[in-house]
Undergrad: 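The structure is given below, and queries will be raised subsequently.
We use all heavy atoms of the structure for the numbers below, so side chains are in, but hydrogens, waters and symmetry mates are not. To find a chain, count down the sequence lines: A is the first, B the second, and so on, and within it residues start at 1.
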There are 2 protein chains.
Amino acid sequence: MLEIISRGETYGYEITQQLRELGFTEVVEGTVYTITMRLEKNKLVDIEKKPSTKGPPRKFYTLNAAGQEQLGFFWGKWEFVSSKINELKTK
Amino acid sequence: MLEIISRGETYGYEITQQLRELGFTEVVEGTVYTITMRLEKNKLVDIEKKPSTKGPPRKFYTLNAAGQEQLGFFWGKWEFVSSKINELKTK
DNA sequence: TACTGGTAATCGGTAATACAAAGTACCTGT
DNA sequence: ACAGGTACTTTGTATTACCGATTACCAGTA
């Protein structure tokens, strides 16, 4: 989700759909929103509310500096863990 | 841990050391044992107690059929998730 | 005008997981 | 007797995963 948000401002409902398109077909809104809430709580995102023509106002998220940093940490860890797991798998 | 156990019977203390050698240097015993407990609870392992010359008896684990199956599930999921994440990373 | 359906966010709750500090037990060597 | 390595267990906190249900907003239509 950090990575998805890093590509440009987006909101919960849209993130859900993007995840579904990505192949995580069974992801439901509740799951996504608990994560957006966490991002808010941890102050990793900036928030801007904008009206929608198709329903209630959208809460747009963008990564702030802390969020960028967190995303960097994530990729570092991912690199480490996934290489180890793949090593374990093939060896 | 399922993968490690699948390579031949082993016990908690040894698993901890193997994980450390693998690069997960900060893994402590408590963490490993909570997982072995879970494996027991979920009946994914067979257990055999054997005396040790260097301390208290060891509790050796081997994967049973359910454990093998679970490991298979894991690798399937790993394949899926890691490919998606990498796709997200590079795209 | 009521209602259906898609869009959008929140709330409330359960179960599982991660992680570790501390404690117990066993054994060998000094 | 005790220090130190081996080995397992207990106990506890915080976080995470996950989702069902609810609320809200809006457009079309019957």
Undergrad: Do the side chains of A:Lys89 and B:Glu79 get close enough for a salt bridge, i.e. N-O under 4.0 angstrom?
TA: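 Salt bridge flag = yes for B:Glu79 with A:Lys89.
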
Undergrad: Does NZ or CZ of A:Lys50 lie under 6.0 Å from the centre of the six-membered ring of A:Phe60, at an angle within 45° of the ring axis?
TA: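 That pair qualifies as a cation-pi contact.
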
Undergrad: I want to check something: taking the side chain as every heavy atom from C-beta on, are B:Ile5 and B:Thr36 in contact at a cut-off of under 4.5 Å?
TA: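 Contact flag for B:Ile5/B:Thr36 side chains = no.
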
Undergrad: Within residues 74-86 of chain A, which residues have any heavy atom lying less than 4.0 Å from an atom of DNA chain C?
TA: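 Residues of residues 74-86 of chain A that come under 4.0 Å of DNA chain C do not exist, since none gets that close.
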
Undergrad: Taking only the side-chain nitrogens and oxygens of B:Tyr33, find out if one of them lies under 4.0 Å from OP1 or OP2 of D:dC8.
TA: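 Answer yes for this pair, as a side-chain N or O of B:Tyr33 is under 4.0 Å from OP1 or OP2.
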
Undergrad: Please list residues of residues 40-61 of chain B whose heavy atoms come under 4.0 Å from any atom in DNA chain C, ordered by number; otherwise none.
TA: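 DNA chain C contact set from residues 40-61 of chain B: B:Thr53, B:Gly55, B:Pro56.
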
Undergrad: Among residues 7-14 of chain A, which residues get a heavy atom nearer than 4.0 Å to DNA chain C?
TA: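 Contacts with DNA chain C under 4.0 Å: A:Tyr11, A:Gly12, A:Tyr13.
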
Undergrad: Please report, rounded to the nearest Å, how far the C1' atom of D:dC19 is from the CG atom of A:Leu19.
TA: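 Between C1' of D:dC19 and CG of A:Leu19: 15 Å.
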
Undergrad: With under 30° as parallel and over 60° as perpendicular, where do the rings of B:Trp78 and B:Phe74 fit, or are they tilted in between?
TA: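 Rings of B:Trp78 and B:Phe74: parallel, under 30°.
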
Undergrad: Heavy-atom distance under 4.5 Å between the side chains of A:Phe24 and B:Lys84, does that happen here?
TA: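 In short, these two side chains touch, coming nearer than 4.5 Å.
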
Undergrad: If you assign B:Gln17 and B:Gly30 each to the DNA chain D nucleotide with the nearest heavy atom, which residue ends up on the more 5' nucleotide?
TA: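 Residue closer to the 5' terminus by nearest nucleotide: B:Gln17.
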
Undergrad: Between P on D:dA17 and CE on A:Met1, what's the gap in Å once rounded to a whole number?
TA: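 A:Met1 atom CE is separated from D:dA17 atom P by 11 Å.
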
Undergrad: CG/B:Leu63 to CE/B:Met1 distance, rounded to the nearest 0.5 angstrom?
TA: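 It is 10.0 Å, given to the nearest 0.5 Å.
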
Undergrad: Base of D:dC19, side chain of A:Glu29 - is there a donor-acceptor contact under 3.5 Å?
TA: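 Checked by distance alone, the answer is no.
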
Undergrad: D:dC8 C1' sits how many Å from B:Leu39 CG, rounded?
TA: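 Result: 15 Å.
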
Undergrad: Got a salt bridge between A:Lys59 and A:Glu9, using NZ or NE/NH1/NH2 to carboxylate O under 4.0 Å?
TA: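 Looking at A:Glu9 together with A:Lys59, the answer is no, because their closest N to O distance does not fall below 4.0 Å.
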
Undergrad: Expressed as a whole number of angstroms, how long is the span from B:Arg38:CZ to D:dA17:P?
TA: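 One finds 14 Å between P of D:dA17 and CZ of B:Arg38, rounded.
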
Undergrad: Please determine whether ring pair (Phe, Tyr, Trp, His ring centres under 6.0 Å) holds for the pair B:Tyr33 and B:Tyr11, giving the CA-CA distance in whole Å, both sets of side-chain angles, and the decisive distance to 0.1 Å.
TA: CA-CA 10 Å; B:Tyr33 284 106; B:Tyr11 53 98; 9.3 Å; no

Undergrad: Cut-off 3.5 Å, side chains only: do B:Glu40 and B:Tyr61 have a donor facing an acceptor?
TA: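 Yes, B:Tyr61 and B:Glu40 have a side-chain donor paired with an acceptor closer than 3.5 Å.
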
Undergrad: Rounded to whole angstrom units, what separation is found between the CZ atom of A:Phe24 and the P atom of D:dC18?
TA: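 Going from A:Phe24 (CZ) to D:dC18 (P), I get 10 Å.
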
Undergrad: Which whole-number value in Å describes the distance from B:Gln18 CD to D:dT6 P?
TA: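 Value for this atom pair: 15 Å.
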
Undergrad: Should B:Phe73 and A:Ile85 be counted in the same cluster of Ile, Leu, Val, Met, Phe, Trp and Tyr side chains packed under 4.5 Å apart?
TA: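 Unlinked, B:Phe73 and A:Ile85 end up in two clusters.
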
Undergrad: Is there a path from B:Leu44 to B:Met37 through hydrophobic residues (I, L, V, M, F, W, Y) whose side chains come within less than 4.5 Å of each other?
TA: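 B:Leu44 does not cluster with B:Met37.
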
Undergrad: For the side chain of B:Thr34, counting heavy atoms from C-beta on, which of C:dA9, D:dT11, D:dC8 is nearest?
TA: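 Nearest to the side chain of B:Thr34 among the choices is D:dT11.
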
